[in-house]
Participant: 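Structure in structure tokens, see below.
The figures that follow rest on heavy atoms only: side chains count, while hydrogens, waters and symmetry mates do not. Numbers for residues simply follow the sequence, beginning at 1. In each ligand, atom 1 is the first atom listed, and ligand 1 is the first ligand listed.
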Amino acid sequence: MSKEVVVSGIRSTGYLHLGNYFGAIQNYVKMQDEHNCYFFVADYHSLTTHPDPKDLRQNVYRVVAENVASGLDPEKVALYAQSDIPEIPELYLMLNMLAYKGELEKVPTFKDKVRLQPENVNAGLLTYPVLMAADILIHRAVKVPVGKDQEQHLEMARNFANRFNTRYGADFFPEPQVYRSNQDTVKILSLDGNGKMSKSENVNATIYLSDEDDVIRKKIMKAKTDAGPTEPNAEMPDYIRNLFVLMQVSSAPEVTAKFTADYNNCNIRYGDMKKQLAEDMANFVRPIRERAAELQQDHAAIQRILKDGAEKARASSAATIAEARKMIGINYY
Ligand code: TRP
């Protein structure tokens, strides 16, 4: 039986942090053996905000380096730059004819952008979900590992797929579904207790894979705590549970067990816990940071990864586009 096709896009802006690592990348890494995976750097998508041309290459190289350093294996998956696949904008154009202004204007992420950057409400922003649908449908993918914030986009991809199918031929595009690796995806919160550890939030409460040991220590020592539990086996506030989650993924099990017991007995010393966590987390991040930094400097290696990835992705994309053109009637010679 052939493996199921999986697609996901990785934003090329911002540095990867522990939230991305445990939320997204580990998910990718788990899928790479059992699925036919296409993971790409969404560099075209990033153009909606007009990034400085000088930064693009470095951003893309960094994303590739950080993902590979985190365990993504370019031998097992196709890891490529979106802009290396001309079939994606071609399918995007086709799908744009099936996407309606009204539905695009209603998308919450679009409305947010209109609010946040009213001076730059460009058509690329409006049709972002169409480009995303093209990213996915170009490989006729069935599974898309993304977070909750992308579910609406995925529903639109299913709508566009169905419209294409209805108009030009049933069953050409399968309906892509959100994929979440069961239960054990770890959610990491910001160290200041203000929601998810996400890119745009407080950098001092976010641990990046590129953070040096000392920076990690400092951030963890400043993490929000309180006066401690006042009764045995008390429920943990979110920001305390988050420290235990971080400990679980980076410290030895007996260490986590000790501090958990201390918490439950009301004699936990958060200063000691954070000191321990700071060391263990620094040890955890260090090899990833070092590997990523080394790889990012090795331009030949990055370029080889991108070229190999693009070759795999183009084979699949070209097949889809050739058929789509025929179905639409673009078939002249
Ligand atoms: N929109 C996604 C994000 O903001 C990135 C993305 C672009 C994507 N194209 C995709 C994700 C296709 C999954 C599939 O994170």
Participant: Between the side chains of Asp192 and Tyr239, is a donor N or O closer than 3.5 angstrom to an acceptor N or O?
Facilitator: no
Participant: Ligand 1: which residues have a non-hydrogen atom closer than 4.0 Å?
Facilitator: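 The answer is Ser8, Gly9, Arg11, Phe40, His45, Tyr128, Met132, Asp135, Ile136, Val144, Val146, Gln150, counting any residue whose heavy atom sits under 4.0 Å from ligand 1.
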Participant: Pairs under 3.5 angstrom only: tabulate donor-acceptor contacts from the side chains of residues 151-159 to other protein residues two or more places apart or in another chain.
Facilitator:
residue	atom	partner	partner atom	Å
Glu151	OE2	Arg180	NH2	2.7
His153	ND1	Gln150	OE1	2.9
His153	NE2	Thr109	OG1	2.8
Arg158	NH1	Pro176	O	3.0

Participant: Under 30°, 30 to 60°, or over 60°: which ring-plane class applies to His299 and Tyr61, parallel, tilted or perpendicular?
Facilitator: perpendicular
Participant: Would a distance-only check, ignoring hydrogens and angles, find a side-chain to backbone donor-acceptor pair under 3.5 Å from Gln32 to Asp73?
Facilitator: yes
Participant: Please confirm whether the backbone N or O of Ser83 pairs with a side-chain atom of Asp43, one donor and one acceptor, at under 3.5 Å?
Facilitator: yes
Participant: Minimum heavy-atom separation for Ser70 and Val29, please, with both atom names.
Facilitator: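 Shortest heavy-atom separation between Ser70 and Val29 comes out as O-CG2, 4.0 Å.
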